[in-house]
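One structure is given below, encoded as structure tokens.
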Amino acid sequence: MIPFLSLKDVTTLHGEEINEAVSRVIKNGWYLQGKENEKFEENYSKFIGTKYTIGCANGLDALILIFRAYIEIGVMKPGDEIIVPANTFIATILAITETGLKPVLCEPKFNTLEIDDDKIEELITRKTKAIVIVHLYGRIAYTEKIGQLCKKNNLKLVEDNAQAHGCIYRTPNHRQWITGSIGDAAGHSFYPGKNLGALGDGGAVTTNDPELATIIRALANYGSQKKYIFKHTGRNSRLDEIQAAVLDVKLKYLLEDNAHRKEVAKYYIEHLNHPSVTLPDTLPYEQNAFHLFPILCTHRDALHVYLEKNEVGTIIHYPVPPHKQECYKEWNILSLPITEHIANHELSLPIGPTITVKEVSQIVNLINQFS
Ligand SMILES: Cc1ncc(COP(=O)(O)O)c(C=O)c1O
């Protein structure tokens, strides 16, 4: 069996150091808001290239905290509109509706599967306050055009970096940014299967904005900056010390692990040649974090079953787009053909830091022989 991703193998890869880190926290007897968080936040800020990292409970909370903080500051108010890609994991959109803001769905580009920067401007109204970009599948979603639209219309740029730890953006004049430092604020998920995954839930916000950082830290701690004094109506959303210690170990190996993902992706790109399979544009290849390796297939469901029968695990990201979900009934009548096409044709192949070249070549041979 070649699993879609073996979390056990991923943890074992740096197992000794992870074990030491967990034991250290247990022995120290300090489990929340301690030195492990401080250290991880400092190292993550250095890695991402932002002044601040605020650890929190998960990626959904990270995005909620960003919008809540903008509302507290007065940059946004309930009812304001946020432009967001229609092709994303539901959490991106849940964060917007949870905070009383209104998601305005934007179709992705057919070749990149990321938000279509040619379709954003027509969605901007007097009520638009932000554009959310999701670096989905580990591929850069930012473009210069999006940056210019934000500047021209005085919009915040929020990044959903849940799937793109270590993804790089190079500007036309060769400056380099890591995703999570491009926008005004970014939400990160450390869900176990992510490129930088915890041994449970975890998340973070990164930003260069000191006011935003202070409010988010308070909001994640019941709204408190000083013990038992509550300035905001916050929530309890903290990264615990064990997860912070584990993440700090795994952060050291993130680029190495991503390099392996790139090798796997390269093999798929160079060897997959089935006529019903289309590969999305994965360029710029060296900059892609390859969290997932999505392919589009005209006979997707049959391929999914065929690979399963041949003991290869694959996952569809995502079979039902947010606008067709029961929880957003009001959008069910919307027609977003590109998003729907992706939902009907996408299949993610195994990729990760531990899959072997032999396994990848077996998968490629199976797919190329699919009839
Ligand atoms: C694009 C995207 N946004 C947000 C999230 C939410 O992260 P979490 O599962 O940590 O809440 C996820 C992942 O699960 C995701 O893939």
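Start at 1 and go down the list; that is how both ligands and their atoms are numbered.
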Next on the checklist: Test your reading of the structure: does Gly59 have an N or O sitting under 3.5 Å from an N or O of ligand 1?
Outcome noted: yes

Next on the checklist: Ring centres under 6.0 Å, that's the criterion: do Phe190 and Phe40 meet it?
Outcome noted: yes

Item to check | Numbered atoms of ligand 1 (with element) below 4.0 Å of Val134, judged on heavy atoms | outcome: 1 (C)

Checklist outcome for this item: Candidates Leu60, Leu292, Val132; heavy atom nearest atom 11 (O) of ligand 1 found on Leu60

Next on the checklist: Using a 6.0 Å cut-off, check whether atom NE2 of His299 has over 12 heavy atoms from anything other than its own residue.
Outcome noted: no

Item to check | Exceeds 12 heavy-atom contacts within 6.0 angstrom, atom OH of Tyr306 | outcome: yes

Checklist entry - Quick one: nearest non-hydrogen protein atom to atom 16 (O) of ligand 1, plus distance? => result Gln163 NE2, 2.8 Å

Checklist entry - Would the number of heavy atoms belonging to other residues, nucleotides or ligands and lying under 6.0 Å from NZ of Lys262 be above 12? => result yes

Item to check | Heavy-atom neighbours of Trp177 CH2 exceed 12 at 6.0 Å | outcome: no

Checklist entry - What part of Asn58, side chain, backbone, both or neither, has a heavy atom within less than 4.0 angstrom of ligand 1? => result both

Checklist entry - Quick one: are the ring centres of Tyr44 and His188 less than 6.0 Å apart? => result yes

Item to check | Nearest protein heavy atom with distance in Å, relative to atom 9 (O) of ligand 1 | outcome: Ser189 OG, 3.9 Å

Checklist entry - Who's the nearest protein heavy-atom neighbour of atom 15 (C) of ligand 1, and how far? => result Ala162 CB, 3.4 Å

Checklist entry - Within a radius of less than 6.0 Å around CG of Asn154, do more than 12 heavy atoms belonging to other residues, nucleotides or ligands occur? => result no

Checklist entry - Any N or O on Asp160 sitting closer than 3.5 Å to an N or O of ligand 1? => result yes

Checklist outcome for this item: If we number the atoms of ligand 1 from 1 as shown, the ones under 4.0 Å from a heavy atom of Ala91 are 4 (C), 5 (C), 6 (C)

Item to check | Per-atom contacts of ligand 1 with Lys194, taking only distances under 4.0 Å to non-hydrogen atoms | outcome: 12 (C), 13 (C), 14 (O), 15 (C), 16 (O)

